[in-house]
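Any value given below was found using the heavy atoms of this structure, including those in side chains, with hydrogens, waters and symmetry copies removed. So you know, we letter chains A, B, ... as the sequences are listed, proteins then strands, and number each from 1. Computed from a prediction, not measured in an experiment: that's the story for all the values here.
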4 protein chains.
Amino acid sequence: MDLGRVQRAAVNLFATKGFAATGIRELGAEAGINSATLYHYVGSKESLLALIIRSCLTELTDAGTRAMRCSADPVVQLAGLVSSHVGITAVNQLTARVAEYEMRALTEVNRAELQAMRDEYEMLFGQVLERGHRVGSFEIEDTTMCRLAILEMCTGVAHWYRPGGRLGLEEVQRYFVGAACRLIGVDRSELDGADYLQEVRRLDSEPAAHSADVWGTGTLAY
Amino acid sequence: MDLGRVQRAAVNLFATKGFAATGIRELGAEAGINSATLYHYVGSKESLLALIIRSCLTELTDAGTRAMRCSADPVVQLAGLVSSHVGITAVNQLTARVAEYEMRALTEVNRAELQAMRDEYEMLFGQVLERGHRVGSFEIEDTTMCRLAILEMCTGVAHWYRPGGRLGLEEVQRYFVGAACRLIGVDRSELDGADYLQEVRRLDSEPAAHSADVWGTGTLAY
Amino acid sequence: MDLGRVQRAAVNLFATKGFAATGIRELGAEAGINSATLYHYVGSKESLLALIIRSCLTELTDAGTRAMRCSADPVVQLAGLVSSHVGITAVNQLTARVAEYEMRALTEVNRAELQAMRDEYEMLFGQVLERGHRVGSFEIEDTTMCRLAILEMCTGVAHWYRPGGRLGLEEVQRYFVGAACRLIGVDRSELDGADYLQEVRRLDSEPAAHSADVWGTGTLAY
Amino acid sequence: MDLGRVQRAAVNLFATKGFAATGIRELGAEAGINSATLYHYVGSKESLLALIIRSCLTELTDAGTRAMRCSADPVVQLAGLVSSHVGITAVNQLTARVAEYEMRALTEVNRAELQAMRDEYEMLFGQVLERGHRVGSFEIEDTTMCRLAILEMCTGVAHWYRPGGRLGLEEVQRYFVGAACRLIGVDRSELDGADYLQEVRRLDSEPAAHSADVWGTGTLAY
DNA sequence: CATGAATGAGTCTTCATTCAT
DNA sequence: TATGAATGAAGACTCATTCAT
């Protein structure tokens with residue numbers, strides 16, 4: 001009846017223990033249904049994972065594409081990409097973590113499809129960096145490494161962000177937009193007046209309340 | 001003695017498929033020994049993982065500590081930390097990946113110990129950032145987020161770096177030192193003349209030649 | 001009403017894959033109905049099987065009994081039994097196969113009932129052979145083995161016969177009547193003028209068209 | 001340590017309940033080992049079945065080939081084939097039953113291989129019948145149906161024979177040789193002086209003592 | 001030092017069946 | 001009449017680990 005509930009249970013467990021270490025019975029228990037019933041909603045454990053990752057990548061790509069259309073200025077575009085990426089990652093943090101860590105658990109067909117989606121998404125960053133570099137807006141040595149650095153930095157938000165923590169969502173987004181500007185050698189004031197912030201949606205797969213032990217990390221984080 | 005071979009086999013498999021998805025028999029096969037023999041070298045599957053992670057964190061901490069002692073200038077210290085982190089991560093890329101991803105596979109005791117080690121290591125970055133901020137060398141808004149951004153960005157090297165790729169190790173190190181400088185609002189020229197590069201050691205646990213399929217990532221990477 | 005469709009679907013699958021290897025969902029799919037609906041027509045998977053076997057044995061016994069009443073001459077009686085057995089087996093070949101192979105899948109009560117039916121039927125052959133032997137019409141060493149030999153030989157028709165094959169139904173029936181005559185040491189000409197052929201009915205449970213792969217057998221058969 | 005024991009346990013259960021209805025745990029219990037241990041001896045449930053059927057067909061073919069070489073006289077050759085077939089089938093009755101009934105449980109590759117073996121074996125009968133027909137030794141209408149009739153009749157021995165029953169092995173063999181002679185229109189006395197009986201071997205897969213319930217058949221049989 | 005044999009608990013998935021709708 | 005949802009038990013098979021040799 002509620003596929004969302006199953007997804008959220010799965011994300012909770014996959015993010016905490018990992019896909020391979022999560023049993024199907026455990027999944028059922030977390031979702032409040034019998035493990036056999038789970039197969040009514042989902043063809044297999046893997047296809048459940050694929051569903052989760054796919055919806056996450058779709059959201060990222062859609063929002064990224066919208067960000068690209070918002071402006072013709074590479075600086076604003078990058079700001080849009082970064083804030084969108086950070087926003088989605090922070091709000092759907094466990095889902096994002098699963099999408100990052102568990103790609104390898106997929107078998108050939110699913111992996112090929114979803115890796116292609118991720119590549120397509122990351123290319124958005126590559127394109128903006130290339131263009132900003134070409135037209136002289138950015139001061140970059142190596143666009144490839146710059147793309148990787150920005151993406152890893154932003155994706156990392158999924159590793160430490162906690163809703164209700166010291167900083168609010170928009171503050172974090174703004175911080176990373178600023179960081180990205182520094183990495184591309186652009187003064188942040190260039191963005192003054194630009195409206196690059198999109199609304200961020202919580203995915204169906206994102207658990208509402210995080211159980212405490214989801215945070216394996218120590219006392220240092222954030 | 002041959003423990004190194006076991007470790008390398010383990011890292012190869014853990015990095016590719018993950019700890020939970022790797023069987024003990026598979027490990028034996030990769031290492032060229034019977035799975036039962038494996039228990040002569042290693043107490044259990046988990047203690048093998050713990051050994052790998054521990055040696056990686058020890059290496060990071062030792063090198064980081066050396067970097068801190070090299071200079072009193074926060075800028076040089078941070079450059080040392082970053083270059084060391086990137087260097088170790090790149091050279092021992094699969095080991096680093098395992099140390100990053102598989103912490104959650106550990107049971108309580110091991111996790112507590114190793115998480116403490118990681119926290120202690122990351123604190124080195126925090127301390128330098130704090131001091132650089134306090135003495136006015138750095139231009140930072142939020143030291144915590146800055147630390148997280150730098151660390152995630154640098155650790156990400158383990159996700160895409162390939163030995164023998166387009167850029168050499170030192171180029172990559174230098175790039176990230178430069179990136180870190182930008183993030184802390186320091187001109188890279190401040191490092192002119194400073195010798196912050198340490199030699200980077202390949203760990204016993206790092207496989208010499210990476211099988212191609214270790215790289216799940218698509219065509220975009222690096 | 002549509003019970004026939006269910007039976008035919010069942011026979012198709014039971015004959016091909018066996019009772020135990022056939023799922024209830026598969027049955028539903030083959031019959032074109034939901035697996036739950038199946039329980040409206042049939043109490044359980046086993047009772048469906050019992051129904052099929054029962055109707056097959058009833059047909060055999062009824063026809064056998066009629067054959068016995070047709071004549072007082074043991075030779076003609078046996079010819080009637082054999083032609084009837086072969087005819088029913090050939091025309092309802094899949095049903096007959098199920099009735100032969102899947103008796104063991106039944107639980108106690110059903111098995112007892114249906115095994116008794118089969119015994120009763122086979123006794124018809126035993127009685128004729130006994131009498132033919134006693135009155136000196138047959139030249140037999142051992143009536144029991146003779147009965148078994150004739151029955152196995154005739155039942156075997158279900159294993160290789162194909163409607164539309166090289167030989168027609170009546171030809172096959174006649175062949176086996178001749179073979180039986182030889183086995184009991186009687187010249188076939190003794191049957192000249194005797195009308196022992198009955199019309200053969202297709203059972204409700206017999207699928208009309210056999211899917212090709214029902215025939216697991218190789219190129220040799222018939 | 002004793003693959004034979006596993007095979008015998010399997011044959012016992014497969015013959016009684018059928019392959020599909022036999023659980024792996026049941027197999028282990030019957031063989032006196034843990035179900036997991038079973039996988040040390042046998043790759044899978046199916047490969048266990050294939051092993052059993054293969055060894056049975058190999059025995060039949062070997063003995064049949066020897067019978068063919070014993071004489072150039074088609075009558076003697078057929079007598080050799082029949083006595084060998086009946087002998088092996090009777091002595092390895094449960095194995096033979098499994099080989100007959102459970103071919104369909106095999107998946108493609110195994111089925112193709114083993115069906116080819118059975119076809120090759122049955123061709124021996126076909127060849128003898130063809131030649132005896134051609135040279136005028138036999139009085140046959142249709143060699144194909146004659147082959148099928150003889151084979152079904154003889155294979156049927158596996159359905160009712162009981163060691164220690166009323167008739168001894170050689171008596172049964174001699175009976176079926178006589179029956180085959182009648183079916184091909186040859187006087188049994190033609191075999192006087194011919195030595196066509198081979199020694200019959202018990203296969204590794206044949207259980208020594210049959211548990212009572214192996215006999216699903218009723219009171220009539222033999 | 002090395003290994004084949006062994007196992008209880010676990011894996012994911014399918015089973016026949018029931019029942020509210 | 002018909003079905004989607006639901007489930008406890010069972011399916012085949014793999015697991016990490018131990019131990020006698």
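Atom-to-atom, CG of Leu3(D) to P of dG4(E) comes out at 17 Å; the value is rounded to the nearest Å. For Leu49(A) and dT13(E), the CG to P distance is 12 Å, given to the nearest whole Å. Note: CG (Leu48(A)) to C1' (dC12(E)) measures 13 Å, nearest angstrom. Separating the CZ atom of Arg5(D) from the P atom of dA6(E) is a distance of 9 Å, rounded to the nearest angstrom. Glu46(A) has its CD atom 18 Å from the P atom of dT11(E), to the nearest Å. The distance from atom CD1 of Ile33(D) to atom P of dG4(E) is 18 Å, rounded to the nearest whole Å. At whole-Å resolution of the value, CG in Leu38(D) and C1' in dC15(F) are 17 Å apart.
Between Asn34(B) and Lys45(A), the residue whose closest nucleotide on DNA chain E is further toward the 5' end is Asn34(B).
Stem regions for DNA chain E, each three or more consecutive Watson-Crick or G-U pairs with both distances under 3.5 Å and listed by first number, read E:2-21 with F:2-21.
One distance of note links CG of Leu106(A) with CZ of Phe19(A); it measures 7.5 Å at 0.5 Å rounding. Here the CE-CG distance, from Met103(A) to Asn110(A), works out to 10.5 Å after rounding to the nearest 0.5 Å. Distance CG/Leu38(B) to CD/Glu30(B): 11.5 Å, rounded to 0.5 Å. Going from atom OG of Ser205(C) over to atom CG of Leu51(C) covers 8.0 Å, rounded to the nearest 0.5 Å. One finds the CE atom of Met117(D) at 6.5 Å from the CD atom of Glu113(D) (value rounded to the nearest 0.5 Å). Once rounded to the nearest 0.5 Å, the distance linking CD1 of Ile53(D) with CZ of Arg118(D) reads 8.5 Å.
Here Lys17(C) pairs with Glu26(C) in a salt bridge; the nearest charged N to carboxylate O distance falls below 4.0 Å.
In summary, of the residues considered (Val6(D), Leu57(D), Val11(D)), a side chain to side chain contact (heavy atoms under 4.5 Å, CB included) with Ile52(D) occurs for Val11(D) alone. Tested against Thr95(C), the residues Glu206(C), Gln7(C), Glu100(C) include a single side chain to side chain contact (heavy atoms under 4.5 Å, CB included) partner, Glu206(C).
Contacts between residues 18-32 of chain B and DNA chain F, defined by a heavy-atom separation below 4.0 Å, involve Thr22(B), Gly23(B), Ile24(B), Arg25(B), listed by number.
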### Task
In sequence, state the C-alpha distance, the side-chain angles, and the governing distance for Thr22(B) and Thr16(B), and then conclude on side-chain contact (heavy atoms from CB on, under 4.5 Å).
CA-CA 9 Å; Thr22(B) 300; Thr16(B) 315; over 6 Å; no

Name the pairs: protein N/O against N/O of nucleotides 18-21 of chain E, kept only if under 3.5 Å.
none

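Look at Thr37(A) and you won't find any side-chain N or O under 4.0 angstrom from OP1 or OP2 of dA5(F).
Put simply, the side chain of Ser55(A) does not reach to within 4.5 Å of the side chain of Asp204(A), judged on heavy atoms.
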